[in-house]
Trainee: 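The structure follows.
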Amino acid sequence: MFALRPGAGGAGPAGTRLPSTELRTRGMSERAGYDPIAIEEKWQKAWAERGTNLLSDEDLRDAERPFYMLMMYPYPSAEGLHVGNMYAFTGADIFGRYRRLNGFDVFEPIGFDAFGIHSENYALKVDVHPMELIPRNVANFTRQLKRIGGMYDWNHTVDTTDPGYYKWTQWIFLKLHEAGLAERKEAPVNWCPSCMTVLANEQVIAGACERCATPVEQRFIAQWFFRITEYTERLLENLSWIDWSESTKKAQENWIGRSEGAEIRFPIARSRASHDRHEPATVHAAAPLISVFTTRPDTIFGATYMVLAPEHPLVEEVTTEDRRDAVAAYRREVAGTDLVSRKKADKEKSGIFTGAYAVNPATGEEIPIWIADYVLMEYGTGAIMAVPGHDERDFEFATAFGLPIVRVVAREGEDADTPLSEAYPGHGTLVNSGAFDGAASEEGQRSITAWLAEKNLAEARVNYRLHDWCISRQRYWGPPIPIIYCDACGTVPVPEEDLPVELPHVDDYKPDESGVSPLARAASWYRVACPECGGEARRETDVSDTFLDSAWYFLRYPSAHRDDVPFDAELTEKWLPVSTYIGGEEHAVLHLLYSRFVTMALHDAGYLGFEEPYRVFRKHALITKDGAKMSKSRGNTVVPDKYIERWGADTFRTYLMFLGPFQIGGDFRDEGIQGPYGFLSRLWDTIQGELRGGHPDSEVERRLHATIRKVTEDVAGLRYNTAIAAMMEYLNAVRAGNRAVARTEVEPLVPLIAPFAPHLAEEAWELLGHEGGIFDSDGSTAGFDTVEGGVWPTFDPEKAKEDSVEFVVQVNGKVRARVELPRGVGEHAALTAALADENVGRWAGEGEVRK
RNA sequence: GCCGGGGUGGCGGAACGGUAGACGCGGGGGACUUAAAAUCCCUUGGGCUUCGGCCCGUGCGAGUUCAAGUCUCGCCCCCGGCACCA
C-alpha cells in the first residue's frame, strides 16, 4: 500500500527529497532543507512546555472572546485513529486555529466515548477486560492526537467511563426521570439464541445474527425509555432556524417523519356470521371501535378490508371462535420472525382472516378484518384501513388473498369503472365515493374528514415516525441505570448523593441467555437496601445506551474539573451553546437528535439557559480510497501513522484538506501527498531565502492581497482545498523567475498557512525573528496589517485589484479576441478597442461582453 | 420507493450565468549530474491547421439567454441515509 522507492529500504518518501537525519542533527541554524520531523518534535515539545493550548479554569472564566470549537469525540478503538478520524479532526482543528489567529479565545477540547458495545465486543474478542483495554486505547489515541498537532486542551478532557463523568450521566437520567421523561415499558428486541444477547437492528443481517448467522428471535423485555416524543414538535420546529448543514437538518426532519392525515374509527360488526357487503350492517351500540391512522382519508370509500398488526390488543377480542387456532398460529409465527426481516418491503405478504367484520363508516358496508405483519404496531395505531386500489402494499395483499379492489380516484381519461391493474397512489378526481364523487381528492382529504368528524368517527391528526428512545442495554460496559426496585416501595430512583452507581469490576461480563445484563449475576452488587424503606431491594442491572453518554459531553468539557456539579453555571453561560460543531453526518439522527433532546429537557428543568446545544453545525465529508468507502472488509483502510512518520503531520494535514472540499469529499491517493509536501518544502525554502533579502514587486503585492482575501474567505467557509490552492498559486508567483524574494511578500503567508501546517508556521515565525508563538501573537510585531487582536493578515481591496484588465471579447458567446486595457476604462472605450481588433471585425456581429 | 450529495482531462478536483479544466498528481520533453534520485524549466482535453487560427468538448435530451458546467423542464447513472411508516 505504501509506495516505497524501490530499494530505498524505507529511507524516505517516494520520489522526493528526504528529510535527512544528517540535516536534522545539524540543526536549523543554517540554511537547511525542510525537515518536518525535527520541526514538529520541537514545537510539540514547546507547546507542551509552554502550555500553549491549555486553558486554566481562570482562563475559561476570564476569556473575553470565547469561541467553543467542538468536534465529535472518538470512540477509542484498539486499531487507533484511522484516517477518517484524522480528516475530521484536522478539518475542525484548522477552523479552531483560524479563529484563534483571529484573536478569539478558542476552547478546543477532546475526549473519549469509551463506553459501549463496540468496545465491549472487542474486549470479548481479544479476551482482555475492558477496564484494562480501554485505558490502553485511550493512551494510544492521545499519542496520535498529539502527533497530528491538534490544538487540544488536554487540561479539559472527558472520558465517559470515568465515574467522575458517568456520575453525571446518571444524574441526567434522574433529572429526566424527575421530569416524567423516563418510563419503563415492555418492548420487542432482537434476540440471538446462540450468542445469548440482544442485538441492535444493525447487527441483524437477513434475519440472522451478524456474528453467528443464527436466526434471530423477537423477545419482549421491560426497558427504560426516554420520552423524546414529547419534544417532537419542538425538535422539528427549531430546525427552521438553527444554523446547521442543510442535509443534516433534512435527515432529522425525515427521521422525525411528520405526516398529516386523520384518525378514523371503524365500528366492529360482530353479529354477522357470513359476509355480504351489500346488506346493511348491524352494529352494536357499544361495539368496540378500531382506530386507524391514514394520510389518505379521501380514499375511505375504497377501504375494502382492515388489517390489524399481529400484536394489536384487539386481535383476541375480535377473532371468531372458528378462527382462533389459525390466528394464534399466525401470531406465533410472526413473533418468531426478527424485526428486521419482517420489515423488509419486498417480503411476500402474509396474513390471516380473523373471521370478524368492521363497518366502513363511509359506505356503511361490512369489510373483513385481517391481521398481517405488514402492519406494524409501532406506527400509527397499529391498524389500517386497506385501500387496495390506491396503496401498493394493500394492492399486493388484496391480490394475494382475493380481496375486492375498488377504484375511488380517477385521473384524466379514467372513470369509476376503469379497471386498476396496479395501485394508483396519486391524486385525481374522486369516484365511487357517494356524495363526494367529482371532487378533487386533495379536497376530499379535508371534506371527508370533516364529514366523518361530524359523526364523531374521525378527526384530523398528525402522526410521527419518531419513537421514544430506548436507553436500556442488557450489557456490561456502560453506566448502570440509577434505579432501585423495592417490593415495598416500587421503583425508586437512586438518591443524588449516592451517585455514582459505580460499575463493578466483574470478571465474567459476557452476556448470557437470560436476556438481562451480566450485572444481574453480581448479587453482591445489585443487592442493596431500599433508599426509602431500608428494606431489601435490587438495583436495576441494565446499563444505559452509549448515546446517553454523548448526549451531554459538550456540557461537561468546560466544567471537567468540577465534581460538585455536572456543569458550572457561569462557565456554561459563557461558553455555550457550542460556537461551531463539526462532525460526520452518520450521527445526524441519533447523537445530534438525542443531544438536542437532552439539552431541551435540561433547559425545561431549569438547568440551562438555552434549548439548542450548537450555534453552528457543519457536517464533514467522508474520504474514500480508490473511489470506495474505506472499510476493513474492503481492505482499503489507510493507517495514518506511517504517512505522518514519512512526511510529517503538517504535510499530512495539508494533504487531507487538499483532497477535495471538506464538506463534500475526496479520494485518498498515496502519490497525491507529493504535492502538498513539495509546496511546504518550497515555502520553507522561500522563507529561508527571504532572510537574504529581496525587493518587493508590485504585481506580487497585488497578488498577495488577493490571496489573503481568497484564503480568508475560503477558510471561513471550510473550503480548505481552494484556500490551499490559492496559497500554492501565490507561492508560485512569488518564486517565478527565481527572483530574490522580499520579506513583506512571504511573512503574511506564515499565519495563512498556520492552521494547516502549525509546526512549520511556528518555526518560520521564529525564524523571522518573532518571539512567543504565532498562535499567541496579537499581531503587534507583524510586518503587515492584521486583524484586531490576532495575527491573521488583512487585505486592502484596492491593492488586490489589477491595474490592467484583460477584456475577453465574445461575439455571440464565442471568444474571439482578448484585449488588454487599463482598469477603469469606460464602456465606450472598451467597445472601440474591441471593435478595432481585426478578429472581432472578421466575426462582425454585435453584443460583445466584457469581463 | 423517499430524502440528501454527486456526474467536468489519464486521476483528485477548479470555475460571481461571461476565457471550461485553477491547484495538485500522473505523463512527455529538456537542464543539472559519470549515473540515478532530488531540484529547476517547458509541455500535457480531443480533432484539424496554410501555424494566423478553426471546429468539438462538463452524464443524456429539450428549453431560456448575446452567452449555460452553472438557470428551467424531462431522463440516465453513481455514492450516502431512510424505508411494508399506512
Side-chain angles (χ1 to χ4, degrees), chain A residues 5 7-8 11-12 14-18 33 245-251 253-255 257 259 261 292-296 299 307 342-347 349 372-376 378-387 391-394 396-397 425 463-467 585-586 588-589 619 621-624 626-629 655 658-661 663-676 678-679 681-682 685 719 721-729 731-732 735 737-738 806-818 838-839 842 845-851:
Chain A
R5 183 156 41 96
T16 37
R17 182 164 52 171
L18 310 179
S245 292
E246 277 310 312
S247 58
T248 312
K249 291 208 275 189
K250 201 75 194 167
E253 191 185 317
N254 290 156
W255 185 260
S259 23
V292 302
F293 172 74
T294 178
T295 53
R296 293 296 301 273
T299 64
V307 186
R342 170 173 165 186
K343 291 185 191 173
K344 277 259 185 303
D346 53 3
K347 203 188 97 180
K349 292 281 179 291
D373 69 350
Y374 81 95
V375 174
L376 309 173
E378 69 216 47
Y379 186 78
T381 62
I384 61 159
M385 65 174 206
V387 184
D391 180 279
E392 283 164 31
R393 296 150 304 176
D394 297 344
E396 194 191 328
F397 190 83
N463 201 57
Y464 300 93
R465 214 184 68 99
L466 183 69
H467 291 122
E585 206 169 21
E586 67 273 19
V589 292
K619 65 146 188 197
L622 299 174
I623 48 172
T624 55
D626 305 320
K629 191 176 161 180
Y655 174 53
F658 187 60
L659 285 175
Q663 299 189 78
I664 295 176
D667 197 63
F668 190 98
R669 276 173 70 244
D670 283 359
E671 311 86 64
I673 200 167
Q674 209 74 243
F679 164 59
S681 300
R682 283 189 293 278
D685 240 41
R719 292 182 298 272
N721 56 331
T722 47
I724 295 166
M727 287 186 273
M728 288 174 165
E729 247 178 295
L731 187 66
N732 290 344
R735 291 166 58 92
N738 204 20
E806 185 182 60
F807 282 76
V808 173
V809 184
Q810 295 185 350
V811 181
N812 291 326
K814 287 191 185 290
V815 180
R816 293 303 179 193
R818 288 150 206 215
E838 56 170 302
N839 214 16
R842 185 141 69 91
E846 55 204 58
E848 80 275 18
V849 184
R850 63 213 189 89
K851 180 175 189 238

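In what follows, every chain begins at residue 1, and chains take the letters A, B, ... in the order their sequences are listed.
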Trainee: For B:rU39 and B:rG47, measure between their P atoms and round to the nearest Å.
Mentor: 31 Å

Trainee: Can you tell which of B:rC84, B:rA15, B:rC3 lies closest to the side chain of A:Thr722?
Mentor: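 For the A:Thr722 side chain, the nearest candidate turns out to be B:rA15.
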
Trainee: Pick the nucleotide of RNA chain B nearest each of A:Asp391 and A:Thr624; which residue has the one closer to the 5' end?
Mentor: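 Looking at the nearest nucleotide for each, A:Thr624 comes out on the 5' side.
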
Trainee: Is there side-chain contact between A:Leu731 and A:Arg682, with at least one heavy-atom pair below 4.5 Å?
Mentor: yes

Trainee: In whole angstrom, give the distance that lies between atom CD1 of A:Ile623 and atom P of B:rG6.
Mentor: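 So the CD1-P distance, A:Ile623 to B:rG6, works out to 18 Å.
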
Trainee: Separation of A:Asn732 atom CG from B:rC42 atom C1', in whole Å?
Mentor: 15 Å

Trainee: Taking the C1' atom of each, how far is B:rG45 from B:rC40, in whole Å?
Mentor: 27 Å

Trainee: For A:Trp255 and B:rG4, what is the distance between atoms CH2 and P respectively, to the nearest whole Å?
Mentor: 17 Å

Trainee: For B:rA86, take OP1 and OP2 only and decide whether either is under 4.0 Å from a side-chain N or O of A:Ser259.
Mentor: yes

Trainee: For B:rG52, decide between syn and anti, treating a glycosidic angle within 90° of 0 as syn.
Mentor: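 Classified syn.
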
Trainee: Let me know the distance between CD of A:Glu246 and C1' of B:rG6, rounded to the nearest Å.
Mentor: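 To the nearest whole Å, that distance equals 18 Å.
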
Trainee: Considering only the P atoms, how many Å lie between B:rA37 and B:rG27, rounded to the nearest integer?
Mentor: 11 Å

Trainee: Using atom CZ of A:Phe679 as one end and atom C1' of B:rU39 as the other, report the distance to the nearest whole Å.
Mentor: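 To the nearest whole Å, that distance equals 18 Å.
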
Trainee: Going by distance alone, is a donor N or O of one side chain under 3.5 Å from an acceptor N or O of the other, for A:Glu585 and A:Ser245?
Mentor: no

Trainee: Is B:rG74 in the syn or the anti form, by the rule that syn lies within 90° of 0?
Mentor: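 Anti, since the glycosidic angle lies more than 90° from 0.
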
Trainee: Write down the distance separating the P atoms in B:rG21 and B:rU43, rounded off to the nearest Å.
Mentor: 14 Å

Trainee: Would you call the rings of A:Tyr374 and A:Phe397 parallel, tilted or perpendicular if under 30° counts as parallel and over 60° as perpendicular?
Mentor: tilted

Trainee: Quick one: is B:rG13 close enough that its OP1 or OP2 comes under 4.0 Å of any side-chain N or O from A:Arg669?
Mentor: no

Trainee: If only side-chain N and O atoms of A:Asn721 are considered, is one of them under 4.0 Å from the OP1 or OP2 phosphate oxygen of B:rA14?
Mentor: yes

Trainee: Across all strands shown, which nucleotide pairs with B:rG69 by Watson-Crick or G-U wobble geometry, both distances under 3.5 Å?
Mentor: none

Trainee: Taking the side chain of A:Leu376 as its heavy atoms from C-beta onward, which of B:rG4, B:rG13, B:rC84 lies nearest to it?
Mentor: B:rC84

Trainee: In whole Å, I'd like the distance from the CZ atom of A:Phe668 to the P atom of B:rG24.
Mentor: 19 Å

Trainee: Does atom CD of A:Glu392 have more than 12 heavy-atom neighbours, drawn from other residues, nucleotides or ligands, at distances under 6.0 Å?
Mentor: no

Trainee: Between B:rC79 atom P and A:Glu586 atom CD, what is the distance in whole Å?
Mentor: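 My rounded result for the distance is 18 Å.
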
Trainee: Hunt down the Watson-Crick or G-U wobble partner of B:rG4, both distances under 3.5 Å, from any strand shown, or write none.
Mentor: B:rC79

Trainee: Taking atom C1' in both B:rG74 and B:rC79, compute the distance separating them and give it to the nearest angstrom.
Mentor: 23 Å

Trainee: Hey, which of these two, A:Gly665 or A:Thr248, hits RNA chain B nearer its 5' end, going by closest nucleotide?
Mentor: A:Thr248

Trainee: Test your reading of the model: is there a side-chain donor-acceptor pair from A:Thr624 to the backbone of A:Phe668, 3.5 Å cut-off?
Mentor: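 Answer holds: no.
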
Trainee: Could you check which of B:rA14, B:rC40, B:rC84 has an atom nearest any side-chain atom of A:Arg682?
Mentor: B:rC40

Trainee: Output the single nucleotide from B:rC82, B:rC84, B:rC23 whose closest atom is nearest the side chain of A:Arg465.
Mentor: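 Nearest listed nucleotide: B:rC82.
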
Trainee: Is any side-chain N of the basic residue among A:Glu246 and A:Lys249 closer than 4.0 Å to the acidic one's carboxylate O?
Mentor: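 Yes, A:Glu246 and A:Lys249 are salt-bridged.
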
Trainee: Counting side-chain heavy atoms from C-beta on, which of B:rG26, B:rC84, B:rC23 comes nearest to A:Lys347?
Mentor: B:rC84

Trainee: For A:Asp394, report the nucleic acid contact type (base, sugar-phosphate, nothing); a contact means any heavy atom under 4.0 Å.
Mentor: nothing

Trainee: Determine the interatomic distance between P on B:rC55 and the same-named atom on B:rC3; round to the nearest Å.
Mentor: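 Their P atoms lie roughly 43 Å apart.
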
Trainee: Does A:Phe293 reach the side chain of A:Thr295, with side-chain heavy atoms less than 4.5 Å apart?
Mentor: yes

Trainee: Which one, B:rA22, B:rG24, B:rG26, comes nearest to the side chain of A:Ala725?
Mentor: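 Per side-chain heavy atoms of A:Ala725, the pick is B:rA22.
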
Trainee: Tell me what A:Leu659 touches on the nucleic acid: a base, only sugar-phosphate, or nothing, going by heavy atoms under 4.0 Å.
Mentor: sugar-phosphate

Trainee: When the C1' atoms of B:rG10 and B:rG26 are considered, how many whole Å apart are they?
Mentor: 7 Å

Trainee: Who does B:rA38 pair with, Watson-Crick or G-U, both distances under 3.5 Å?
Mentor: none

Trainee: Looking only at the side chain of A:Val375 (C-beta and beyond, no hydrogens), which of the listed nucleotides B:rA86, B:rC25, B:rA15 gets closest?
Mentor: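 Nearest listed nucleotide: B:rA86.
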
Trainee: Using purine N1 to pyrimidine N3 plus N6-O4 or O6-N4 for Watson-Crick, or N1-O2 and O6-N3 for G-U wobble, both under 3.5 Å, which nucleotide pairs with B:rG52?
Mentor: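 Per the H-bond distance test, none.
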
Trainee: Counting only side-chain heavy atoms from C-beta out, which of B:rC23, B:rA86, B:rC84 sits nearest to A:Thr295?
Mentor: B:rA86

Trainee: A:Arg735 side chain: which of B:rC84, B:rC23, B:rC40 is closest?
Mentor: B:rC40

Trainee: Decide yes or no for A:Asp394 and A:Ile384: does some side-chain heavy atom of the first lie under 4.5 Å from some side-chain heavy atom of the second?
Mentor: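 A side-chain contact exists here, since the closest heavy-atom pair is under 4.5 Å.
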
Trainee: Can you tell which of B:rC85, B:rG4, B:rC23 lies closest to the side chain of A:Ser247?
Mentor: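 Of all the options, the side chain of A:Ser247 is nearest to B:rG4.
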
Trainee: What are the two closest non-hydrogen atoms of A:Leu376 and A:Asp373, and how far apart are they?
Mentor: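 For A:Leu376 and A:Asp373, the tightest heavy-atom pair comes out as CD2-O, 3.9 Å.
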
Trainee: Rounded to whole angstrom, note down the C1' distance from B:rG46 over to B:rC2.
Mentor: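 My reading of the C1' atoms in B:rG46 and B:rC2 gives 41 Å.
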
Trainee: With a cut-off of less than 4.0 Å, is there a side-chain N or O of A:Arg296 near OP1 or OP2 of B:rA86?
Mentor: no

Trainee: Give one of base, sugar-phosphate or nothing for A:Gly380, where a contact means two heavy atoms less than 4.0 Å apart.
Mentor: nothing

Trainee: Any side-chain N or O of A:Asn254 less than 4.0 Å from the OP1 or OP2 oxygen of B:rC85?
Mentor: no

Trainee: Just how far, in rounded Å, is C1' of B:rG10 from CG of A:Asp667?
Mentor: 14 Å

